[in-house]
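I have placed the structure first, in the form of structure tokens, so that the comments after it can refer back to it.
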Amino acid sequence: MSNEERLDKLQRLRDQIKQGGGQRRVDLQHERGKLTARERIHALLDEGTFEEFDEMVLLSGTEFDHDKVQAESVVTGWGRIDGRPVYVFSQDFTVVGGSLSTPMGEKIIKIMDLALRNGAPVIGLNDGGGARIQEGVDALASYGDIFTRNVLASGVIPQISVVMGPTAGGAVYSPALTDFIFMTEGTSQMYLTGPDVIKAVTGEDVTHEELGGAMAHASRSGVCHFAVDGEEDCLQEVRRLLSFLPLNNMEDPPFVETGDEPDRRDEELLRIVPEEAGRPYDMREIIYRVVDIGDFLEVHAHWAQNMIVGLARMDGRTVGIVGNQPLYLAGVIDIDSSRKAARFVRFCDAFNIPVLTFVDTGGFLPGTSQEYGGIITHGAKLVYAYAEATVPKVTIVIRKAYGGAYDAMGSKHLRADLNLAWPTGEIAVMGPEPAVNIIYRSELATASNVEETRAQLVEEYKDKFANPYVAASKGFIDDVIDPRETRGRIIRALDMLRTKNDHIPPKKHGNTPL
Ligand code: HXC
């Protein structure tokens, strides 16, 4: 065989392999508003940078049938996003429904091992029917091998899952072990057991979308961090997320020149917090005005909205932002918002991202549903995450910081580096009304005009305790600042903290209240 013939044979094989499960299945994929595995990779990566691995791993049974040569149901390799390396696997639904076989598992594991050794993120594009039923326990074993890689890579390299089709059964656990899950609206579903099994076991009627669609997980369960309409837009959002992250836990996040003035004062910051105590406002307005060019990537935007978390830049450097949201449930801290913020703080800490916290919360949410649901354990996650984190931590009390929430939201006592307050700050054990009802119970019981006495006592309490100056006089708040100077103060603090070198005592690992 001549060289020309050899190269021709190679090219024919490649062309056959690239057809995936054949034109009919590719057309069906497109009709459903979905791209193919390769099209997705090309939409995700910098143009022309994809280098494929194991393209020649063929579906068993097709090796010797040259009319039917078909690759296994995943495309794997590496490429670049904004010039930086990333590893990718993309399940091919057109081949046996993207179901996971042993060779497919081996392809994925090879990519994950390379990513871990070379210190670069892994992005998994999921679109498949779960364990390949014909393979039985071998397919289950492959899942287990992938889960182990997810766990070993956790906190070492960023792991991102994009769910772009069905992901059912135990297959959901690989995405769940990664740092962020993106889902495409209307075309992706995740669930442990599907609608038919649910109907048989509990009698509930539920559609695939209601049960495991993007919005179900983005707004109700919190499993999904980003629900995005359209595959191309979804993959662009993955690129945006990566632009904030380091390649691995030994690196700092990339510096991006944003052109925003570090010392920029903002008059509007004086007007955001309403005059009347207790009136809501949108904490995101403060965040947008403080960070570089208003660029804030909100994580979990639809879930536990009483807490805001997300990524932004301050003078070109990535920060993780946590903030109470007075617009929802008055920014109260509950089970879901504790879990949301705690996990985010731990992510930031693992990847050298400083944490910036904006506080305005009346405290933890009272009620039997919260207590029986374990708010004690879940709230403890928040405390644990802040206290454990060794990255630079800067906290600004905007308005209320009452009770346990004062401690939990990045207080000095949980090893924050710089704690500032606006003059509108209120830091005390509890809000004026409940405090007066408790400490003046007997006075109120005997007062001739209860309401008048109560109003007077509340005013006295506010003057005495509901301000930032008591905490500042004890050094728990380092300074009370002019709100208009917030951005400059934070940037200077982060600059000062760039050389921070803090540790936790040597241990195998702590015992996070799970
Ligand atoms: C083998 C599978 C498959 C699977 C789909 N296919 N899932 N083959 N093993 N798990 C095949 C189908 O036979 C079909 O082949 C092709 O893929 C496309 O599937 P369709 O059913 O035609 O597509 P659609 O109607 O879009 O439905 C997609 C689906 C459905 C919702 C994913 O196929 C489905 O429910 N599959 C089973 C899902 C499941 O229960 N998986 C096991 C989960 S348990 P042809 O040749 O006809 O085109 C699990 C355990 C993991 O994963 C444990 C880890 C700890």
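As the structure lists them, so they are numbered: ligands from 1, and atoms in each ligand from 1.
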Donor-acceptor side-chain pairing of T49 and R80 below 3.5 angstrom: no

Check: K340 side chain, M307 main-chain N or O, donor-acceptor pair, under 3.5 Å: yes

Any donor-acceptor N/O pair, K107 side chain to D54 backbone, under 3.5 Å: yes

Check: D92 side chain, G98 main-chain N or O, donor-acceptor pair, under 3.5 Å: no

Residues which pass side chain to side chain contact (heavy atoms under 4.5 Å, CB included) with T357, listed by chain and number, not counting sequence neighbours: V322, V355, V359, Y386, T395, M409

Short side-chain to backbone donor-acceptor contact, E210 and T207, under 3.5 Å: yes

Which protein N or O atoms sit under 3.5 Å from any N or O of ligand 1? Give atom names and distances.
unit_1: ligand 1; atom_1: 9 (N); unit_2: I133; atom_2: N; d: 3.0
unit_1: ligand 1; atom_1: 10 (N); unit_2: G129; atom_2: O; d: 3.0
unit_1: ligand 1; atom_1: 10 (N); unit_2: A131; atom_2: O; d: 2.8
unit_1: ligand 1; atom_1: 17 (O); unit_2: G97; atom_2: N; d: 3.0
unit_1: ligand 1; atom_1: 26 (O); unit_2: R32; atom_2: NH1; d: 3.0
unit_1: ligand 1; atom_1: 26 (O); unit_2: R32; atom_2: NH2; d: 2.8
unit_1: ligand 1; atom_1: 41 (N); unit_2: G129; atom_2: O; d: 2.6
unit_1: ligand 1; atom_1: 46 (O); unit_2: R25; atom_2: NH2; d: 3.1
unit_1: ligand 1; atom_1: 48 (O); unit_2: R25; atom_2: NE; d: 3.2
unit_1: ligand 1; atom_1: 48 (O); unit_2: R25; atom_2: NH2; d: 2.7
unit_1: ligand 1; atom_1: 52 (O); unit_2: A131; atom_2: N; d: 2.8

